[in-house]
Amino acid sequence: MSFRAPKGTDDVLPPASHTWRRLLLAWEDWSARYGYDLVLTPLFEATEVFARGVGEGTEVVEKQMYTFEDKGGRSVTLRPEGTASVVRAFLEAGAGGILKGAYSGPMFRYERPQAGRRRQFYQVGVEYLGSRAAAADAEVVELGYRYLVAAGVPGLSVELNSIGDRQCRPAYVRKLGTYLESRRDVLCDDSLRRLETNPMRVLDCKVCAPKLVEAPSPADHLCAPCAAHHEEVLTTLTELEVPYEEAPRLVRGLDYYERTAFEYVATDLGAAQDAVGGGGRYDGLAELLGGKRVPGVGFALGLDRIVLALGVEKEPNPLDLYIVVAGDRRKEAVRLASDLRRSGLRVDLDVEGRSVKAQFRAADRRGAAGALVVGDEWADGRVVAKDLTSGDQEVISLEEVQAWVRRP
Ligand code: AMP
């Protein structure tokens, strides 16, 4: 019998996993630099957390959740996204003060699988909870941008909009409804349905949106406080040198979203899957989860799509040294590897007793920057150091290894 990974899921093995490891390490670094602490939540929650927190009536909740009854008869769901869980956890812990939380991990949605649209996919994200300040929105937008730039995503742009709040949105939605009524003939069936229940979600429809470029924009219908908030987000981003494009028809079609909505787009990805991440302000979410009103803003980035956007087939493994054992020096080589690893270098070696030639091949295959040959010179406390890029080699003492690794 042979098994395959479930439909819509992927194994990530070397060498592709070199890229994943780089992205995950960079994520821990960048999120910590901006002051976001690690938050871990369960991979599954009571179904209601997502039904409310992602929103009844959304595609994710209606069609895509992995929901099942556990042996205790509770309805549980594998998380389709991270925000609802983080907000649930914050409320459960008392929701005091401010939480700047960063998470990363797999999410699950029953999608029709294709490139960049998987049933298990990996997100990294942050939630900035407890602040209404425009500076929090700008910080969040900036962090995602800096991370994606550091990751090397080509053709990156930040698209940004404000969708108003509970004060100004109702009047806008009425105006939008009137416009959409006049365009009924171009709307798909889903959009016609949404026109009755929640017209803003029509702008979310990938099929209809391109035909609705004349639709009124929420950003043109903001009340004074929302307009001031939006203006401050934009000026702060300009000061922080984060390039952005105003995207008048970018919306989050759910009531708990307020004000800032944004997306990170990698123009090199195909149109349907061009978003490598998205986020926004969701000041109404905590209340929907049964808590007090806790403002929040955050984003989630899709690592599977980032990897696709990078388009790298094979990224080098950042191995500093491969130790080649010549003759009967296995024990010494193992000891040397241990010392160098403890000193902070990335080191590997062969333990199969293969020929020197085979070990050099392995060193190349592993993408090591250099090789140390433990052979006859060992008796004088020396090894042969070979630069695997240039092919240059020299005999160095063990004390010189660190300096040799750091050679320019
Ligand atoms: P969302 O939580 O739907 O706002 O998605 C945030 C980001 O996660 C998107 O911009 C994508 O990069 C990624 N993403 C969402 N759904 C999937 C999926 N099914 N497969 C791969 N990536 C996804």
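Residue numbers run from 1 in the order of the sequence given. In each ligand, atom 1 is the first atom listed, and ligand 1 is the first ligand listed.
Those atoms of ligand 1 that come under 4.0 Å of a heavy atom in A300, given as number and element, are 6 (C), 7 (C). Short contacts between ligand 1 and V276, defined as distances under 4.0 Å to a heavy atom of the residue, involve ligand atoms 10 (O), 12 (O).
Closest to atom 20 (N) of ligand 1, if we only count protein heavy atoms, is R118 N, 2.9 Å. At the top of the distance list for atom 6 (C) of ligand 1, counting protein heavy atoms only, stands Q123 NE2, 3.4 Å. In terms of protein heavy-atom proximity, atom 11 (C) of ligand 1 is nearest to R305 NH1, 3.4 Å. In terms of protein heavy-atom proximity, atom 13 (C) of ligand 1 is closest to G302 CA, 3.7 Å. With hydrogens left out, the protein atom closest to atom 14 (N) of ligand 1 is F121 CE1, 3.6 Å, a heavy atom. Looking only at protein heavy atoms, the nearest one to atom 2 (O) of ligand 1 is R109 NH2, 2.9 Å. Looking at atom 21 (C) of ligand 1, its nearest protein heavy atom turns out to be G116 O, 3.3 Å.
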**Request:** Show the numbers, then the answer: is there a salt bridge (Lys or Arg N to Asp or Glu O under 4.0 Å) between E45 and R52?
**Result:** CA-CA 12 Å; E45 298 271 355; R52 290 171 182 235; over 6 Å; no
**Request:** For the pair E196 and R184, evaluate salt bridge (Lys or Arg N to Asp or Glu O under 4.0 Å) and give the outcome as yes or no after the intermediate values.
**Result:** CA-CA 11 Å; E196 308 306 325; R184 282 189 88 92; 3.7 Å; yes
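Annotation: F44, atom CZ; neighbour count of heavy atoms from other residues, nucleotides and ligands within 6.0 Å does not exceed 12.
Comment: R33 engages D29 in a salt bridge, judged by a side-chain N to carboxylate O separation of less than 4.0 angstrom. Between D10 and R119, no side-chain nitrogen of the basic residue sits less than 4.0 Å from a carboxylate oxygen of the acidic one, so the salt-bridge criterion is not met. A salt bridge is absent between R361 and D364; no separation between the charged side-chain nitrogens and carboxylate oxygens falls under 4.0 Å.
Taking only nitrogen or oxygen atoms, main chain and side chain alike, A275 reaches within less than 3.5 Å of ligand 1. Polar contact with ligand 1: present for G277 (N/O pair, distance under 3.5 Å).
At a distance under 4.0 Å, no protein heavy atom can be found next to atom 4 (O) of ligand 1.
Judged by distance alone, with hydrogens and angles left aside, the side-chain atoms of R281 form no donor-acceptor pair with the main-chain N or O of E258 at under 3.5 Å. Between the side chain of Q359 and the backbone N or O of R354, at least one donor-acceptor pair lies under 3.5 Å.
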